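Reviewing the structure listed below.
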Amino acid sequence: NICHQLARNSSWVPLLITCQNKAIENDDPIAAYILGYMFQNGVHVAKNLNKAVAWYSLASDNGHAQAKMNLGVMVLKGEGVSNADKSSGMMLITQAATLDHKPAIELLNRLEIHNFENPIPSAFEMEDYLYILNNY
């Protein structure tokens, strides 16, 4: 994948242009994932969580497991979306896990040991929950 090669060579301007074209014209999940990562982390572009969500969504819709994982965590934390959504975030992470994505499986296992079914978790539980998510 040309976007992957450009990312490894740190050719940022051609990377941005090439990946945007490939992601939009060909529904290329790798290109969309790279763009999502760049916007989420402010890598050679201004950090923009709304754009990160949009690019991760495109990559996720096209089966990219890491994009599903990243998008799921962002949705759980309410980053780049209007409201945090536990159900949708967990669904995305679960989808990544069903693709045998090891970090998604690990995250689900770590979250499973906590019972967050209570609509109003204790402050300690919420703090622990956010700590776990912030490490992904």
Side-chain angles (χ1 to χ4, degrees):
N1 183 296
I2 187 69
C3 291
H4 193 259
Q5 290 172 351
L6 288 170
R8 284 182 179 217
N9 294 330
S10 301
S11 305
W12 299 109
V13 173
L15 170 69
L16 190 60
I17 294 167
T18 301
C19 288
Q20 282 181 334
N21 292 339
K22 287 181 70 57
I24 293 168
E25 294 168 11
N26 304 322
D27 291 333
D28 184 320
I30 295 172
Y33 167 76
I34 290 170
L35 290 165
Y37 181 87
M38 289 174 71
F39 281 105
Q40 181 184 18
N41 297 290
V43 177
H44 298 286
V45 294
K47 185 174 182 175
N48 186 320
L49 297 180
N50 294 330
K51 286 184 180 182
V53 165
W55 289 116
Y56 281 150
S57 294
L58 180 61
S60 175
D61 290 347
N62 286 291
H64 196 282
Q66 184 65 47
K68 287 181 185 293
M69 168 80 173
N70 291 10
L71 181 60
V73 170
M74 289 181 76
V75 169
L76 280 170
K77 292 164 65 174
E79 295 179 345
V81 294
S82 55
N83 294 310
D85 184 345
K86 180 181 174 190
S87 177
S88 296
M90 291 301 288
M91 181 185 70
L92 285 160
I93 294 167
T94 301
Q95 288 173 358
T98 61
L99 295 171
D100 201 31
H101 186 59
K102 304 271 186 270
I105 294 167
E106 179 185 335
L107 177 58
L108 288 176
N109 288 336
R110 290 185 70 190
L111 293 174
E112 212 171 83
I113 64 170
H114 300 283
N115 181 2
F116 294 107
E117 296 306 316
N118 181 359
I120 305 171
S122 71
F124 174 76
E125 284 179 323
M126 197 57 171
E127 196 172 295
D128 197 32
Y129 178 69
L130 291 173
Y131 174 79
I132 291 168
L133 290 178
N134 285 330
N135 286 303
Y136 286 89

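As the structure is a prediction and not an experimental result, all values here were calculated from the model.
- Of all the heavy atoms in Glu79 and Leu49, the pair that sits closest is CB-CD1, 3.9 Å.
- The shortest heavy-atom contact between Gly36 and Ala52 is O-CB, 3.5 Å.
- Residues satisfying the side-chain contact (heavy atoms from CB on, under 4.5 Å) criterion with Val45, sequence neighbours excluded, are Leu16, Met38, Phe39.
- Looking at Lys68, its side chain does come within 3.5 Å of a backbone N or O of Ser60 through a donor-acceptor pair.
- At least one side-chain heavy atom of Gln95 sits under 4.5 Å from a side-chain heavy atom of Leu92.
- Between Val73 and Leu107 there is a side-chain heavy-atom pair separated by less than 4.5 Å.
- Across Asn50 and Gly80, no two heavy atoms sit closer than the pair OD1-O, 3.1 Å.
- A heavy-atom distance below 4.5 Å is found between the side chains of Gln40 and Met74.
- Note that the CG atom of Leu58 and the NE2 atom of His64 stand 11.0 Å from one another [nearest 0.5 Å].
- Annotation: the span from Asn21 atom CG to Asp28 atom CG amounts to 11.0 Å, rounded to 0.5 Å.
- A continuous path of Ile, Leu, Val, Met, Phe, Trp and Tyr side chains, each step under 4.5 Å between heavy atoms, connects Ile34 with Ile24, placing both in one hydrophobic cluster.
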Check against side chain to side chain contact (heavy atoms under 4.5 Å, CB included), Leu76 and Lys86: CA-CA 5 Å; Leu76 280 170; Lys86 180 181 174 190; 4.0 Å; yes
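- Under the 4.5 Å side-chain criterion, counting only non-hydrogen atoms from C-beta, Met90 is in contact with Leu108.
- Ile105 is listed as a side-chain neighbour of Asp100, based on a closest heavy-atom distance under 4.5 Å.
- The shortest non-hydrogen separation linking Leu71 to Ser57 is CD2-OG, 3.6 Å.
- How far CD1 of Ile93 is from CG of Asn70: 9.5 Å, rounded to the nearest 0.5 Å.
- Shown here for Ala67 and Ala59, the closest heavy-atom pair between the two residues is CB-CB, 3.5 Å.
- Counting heavy atoms from C-beta on, the side chains of Trp55 and Tyr33 never come closer than 4.5 Å.
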